[in-house]
Amino acid sequence: MTESTAGTPAASDFSSLPLSPAVLANLASLGYERMTPIQAASLPLALAGKDLICQAKTGSGKTAAFALPLLANLNPRRFAVQALVLCPTRELAEQVTQEIRRLARAEDNIKVLTLTGGATLRPQTASLAHGAHVVVGTPGRILDHLGRESLTLEALNTLVLDEADRMLDMGFAEDIAQVIQHAPKQRQTLLFSATYPEGVTQLARRYMREPQEVKLTERHATSKIRQRFYEVTESNRLHAVGLLLNHYRPVSTLAFCNTKQQCRDLVAVLQAEGIVALELHGDLDQRDRDQVLIQFANRSCSVLVATDVAARGLDIAQLEAVINVDITPDVEVHTHRVGRTGRGDEAGWAFSLASMEEMGRVGRIDEMQGRASEWHPLSELTPPPGAEPLHPPMVTLQIMGGRKEKIRPGDVLGALTKDLGFAAAQIGKINVNDFSTYVAVERGIADRACAKLNAGKVKGKSVRVRRL
Ligand code: ADP
Ligand code: MG
C-alpha cells in the first residue's frame with residue numbers, strides 16, 4: 001500500500017508526524033519501527049489538537065496514540081499537572097504510566113504519577129506536592145484528591161479517558177463527570193474504547209468539542225489466527241477444554257466464559273485434570289489479582305480463565321490460544337476475544353465450543369466474518385502418544401519481601417545463579433512488588449531452588465520462600 005522512498009516518509013512512519021528528532025530517536029530505541037494502524041489514523045489529528053474518539057481492539061497501540069499528543073502538549077518547565085489520564089483499574093493505570101514514562105524519556109524530567117485506590121492517600125499527596133506533569137489514575141481516587149485539593153487541574157491541557165467502555169461498566173460515569181467539572185473548558189479531550197456502546201456516545205457528546213472519530217474494527221489477519229469450532233453438549237463442554245489443551249498443547253491460553261460461575265466450574269475441572277488454571281475475576285483483591293497475572297505472564301500457569309469484563313484491556317503478550325468456552329451473544333465481543341491471540345508475527349489458535357442452542361450465535365459470527373466456520377469433531381482431540389497432562393514450563397516462587405525491603409530483580413537472579421549455582425537460562429521473569437517478589441524458575445528445579453533459597457540469603461538477608 002504505502003511504500004517508503006528516500007526523503008518522503010510513508011504514512012505509517014513516525015517521521016511523517018510533527019515530532020522532534022529526540023522523540024523520533026526514542027521511538028526507534030523502543031523498537032517502534034512504524035505506527036500501528038490506529039496510531040497512523042489518530043496521531044495526525046491528535047497532534048493537531050483535535051478532540052478524538054478512538055475505537056480499536058486491545059493490543060493495537062492505543063496508549064502511544066494518546067501519550068505522544070499529551071507529551072507534545074506539555075511544558076516540562078511548568079511544574080503543574082497538565083495531563084490527566086483516567087483508567088478503570090490500578091493495573092491498567094500502571095501499564096499506562098510505564099508506557100508514558102518510556103515515551104517521555106526523550107525529554108528531561110517529566111514526572112508521571114499514578115493515583116489509584118488500594119494505596120494510602122498520604123504518600124500520593126506527598127508526591128503530588130513535589131510536582132507532577134502527568135497524572136494517571138482511577139476516577140474515584142482522582143476525585144478524592146480533587147476534593148482534598150491535593151490535586152488541582154487548573155493547568156490541565158489534555159484529558160484522556162482510556163478504556164471508556166470499561167469505566168462505564170464499572171459504574172464510574174458519575175465520578176468521571178465530577179472530575180471533569182474540575183478541568184478547564186479549554187482543553188484537548190481524547191477518548192479511547194475497545195467497544196462503542198451508547199454510554200460512550202453520551203460521554204463524548206457531553207464532554208468533547210467536535211470530536212473526530214477514528215474506528216478500526218479491523219478484521220484479523222485470518223491467516224495468523226486459526227479458528228476452529230467444536231460442537232459440545234452442556235455435559236461435556238468443560239471436559240472438552242481439557243481435551244483441547246492436551247491435544248494442541250499451547251503454553252498460554254486465555255479461556256473466556258460468559259459467567260463467573262462457569263469460570264469457577266472450569267477452573268475446578270481443569271485443576272482436577274492436573275492442568276494449572278487460575279481464574280481472574282473482579283472479586284479478587286488487588287494482591288491476588290497481581291499474583292494471578294504474574295503467574296500467567298511468567299508462563300507458570302497454563303490457562304487464565306476469565307469473563308470478558310475481567311479480561312478487558314489487559315496487555316497479555318505471548319498468547320498461543322484463546323478458547324471460547326461459551327459462545328458470546330455479542331459478535332463484536334467474539335471478535336475481541338479471538339483477536340487476543342496471534343499478535344504481531346505470531347500465529348495463534350482460537351477454539352470455540354458451541355452447543356446446539358448456540359448455533360444461532362455462531363451463524364451471526366459467520367455472517368460478520370463473511371465466511372463459514374470450520375468445524376472439527378471432538379473425537380479428533382487426542383493427546384500425543386505417551387503425553388502427560390499439559391504442564392506449564394515454569395513454576396513461580398514467592399519470596400516474602402519486595403520493594404519495601406529494597407529487593408531488586410538483580411538481587412534474586414544473583415542469589416540463584418552466583419550463590420546457589422543455577423544457570424541464568426533456568427530462571428524466568430522476576431517481578432518485584434511492594435511486599436513480595438515472584439521469580440519464575442524451570443519446573444524441574446523448582447523444589448530445589450525453593451529449598452536452597454529458604455536456606456540461603458537474598459541481599460544478605462534470610463528470606464521466606466514458597467512455591468505457588
Ligand atoms: P492497547 O491500549 O490498544 O490495548 P497498548 O498501548 O497497550 O495497546 O500497546 C500494546 C503493545 O504494543 C505494548 O506493549 C506497546 O508497547 C506496543 N506498541 C505500541 N505501539 C507500537 C509500535 N508502533 N511499534 C511497536 N510496538 C508498539
Ligand atoms: Mg489500552
Side-chain angles (χ1 to χ4, degrees), residues 2 4 9-17 19 23-44 46-47 52-71 85-106 112 114 116 134 136-138 160-170 190-196 200 214-218 220 254 293 297 308-319 322 335-346 348 429:
T2 40
S4 196
S12 64
D13 282 357
F14 282 106
S15 59
S16 67
L17 298 171
L19 295 171
V23 170
L24 291 174
N26 183 44
L27 286 165
S29 82
L30 292 173
Y32 287 22
E33 287 172 11
R34 64 187 71 82
M35 290 186 263
T36 64
I38 191 69
Q39 291 165 358
S42 64
L43 280 168
L47 288 168
L52 269 194
I53 301 172
C54 279
Q55 182 192 2
K57 65 170 181 151
T58 301
S60 54
K62 294 192 288 295
T63 317
F66 62 75
L68 290 169
L70 76 80
L71 290 169
V85 182
L86 294 179
C87 297
T89 65
R90 189 184 90 171
E91 70 244 5
L92 287 169
E94 262 159 22
Q95 284 184 5
V96 166
T97 301
Q98 298 303 334
E99 178 82 349
I100 297 179
R101 287 200 180 122
R102 278 158 18 106
L103 293 169
R105 282 198 308 223
V112 188
T114 321
T116 59
V134 181
V136 182
T138 44
V160 179
L161 305 173
D162 192 20
E163 305 268 351
D165 50 355
R166 175 125 192 248
M167 287 200 283
L168 295 177
D169 282 351
M170 293 176 67
L190 305 170
L191 182 152
F192 290 76
S193 200
T195 60
Y196 205 67
V200 170
V214 178
K215 284 194 194 183
L216 282 188
T217 44
E218 66 199 283
H220 311 298
L254 188 53
L293 288 171
D308 297 290
V309 172
R312 208 181 294 165
L314 295 173
D315 178 23
I316 304 172
Q318 278 196 317
L319 212 49
V322 163
T335 312
H336 266 95
R337 288 176 169 186
V338 169
R340 291 308 198 91
T341 187
R343 297 259 188 95
D345 296 327
E346 306 285 316
K429 272 201 184 144

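Each ligand, and each atom within it, is numbered from 1 in the order the structure gives. Values below: every heavy atom of this structure, side chains too, minus hydrogens, waters and symmetry copies. The structure presented is a predicted model; accordingly, all values stated were derived computationally and were not measured.
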Within the distance-only criterion (no hydrogens, no angle test), does the side chain of [X] pair as donor or acceptor with the backbone N or O of [Y] below 3.5 angstrom?
X: Thr36; Y: Ser60; answer: yes
X: Lys62; Y: Lys57; answer: yes
X: Thr138; Y: Thr116; answer: no

[atom1]/[X] to [atom2]/[Y] distance, rounded to the nearest 0.5 angstrom?
X: Leu24; Y: Ser16; atom1: CG; atom2: OG; answer: 9.0 Å
X: Asp162; Y: Thr89; atom1: CG; atom2: OG1; answer: 9.5 Å
X: Leu191; Y: Met167; atom1: CG; atom2: CE; answer: 7.5 Å
X: Leu27; Y: Ser15; atom1: CG; atom2: OG; answer: 10.5 Å

So is there a nitrogen or oxygen of [X] less than 3.5 Å from a nitrogen or oxygen in ligand 1?
X: Tyr32; result: yes
X: Met35; result: no
X: Gly61; result: yes

Could you tell me which atoms of ligand 1, counted from 1 in the order shown, lie closer than 4.0 angstrom to a heavy atom of [X]?
X: Thr63; value: 2 (O), 5 (P), 6 (O), 7 (O)
X: Glu99; value: 15 (C), 16 (O)
X: Phe14; value: 23 (N)
X: Ser60; value: 1 (P), 3 (O), 8 (O)
X: Arg34; value: 22 (C), 23 (N), 24 (N)

- Query: Nearest to atom 20 (N) of ligand 1 by heavy atom, Arg102, Glu33, Gln39: which?
  - Reply: Gln39
- Task: Could you establish whether Ala56 and ligand 1 come within less than 4.0 Å of each other, counting only heavy atoms on the residue side?
- Result: no
- May I ask you to identify, for Lys57, whether its side chain, its backbone, both or neither come under 4.0 Å of ligand 1 on a heavy-atom basis? backbone
- Pairwise side-chain contact, Leu52 with Phe66, heavy-atom cut-off 4.5 Å (strictly under): no
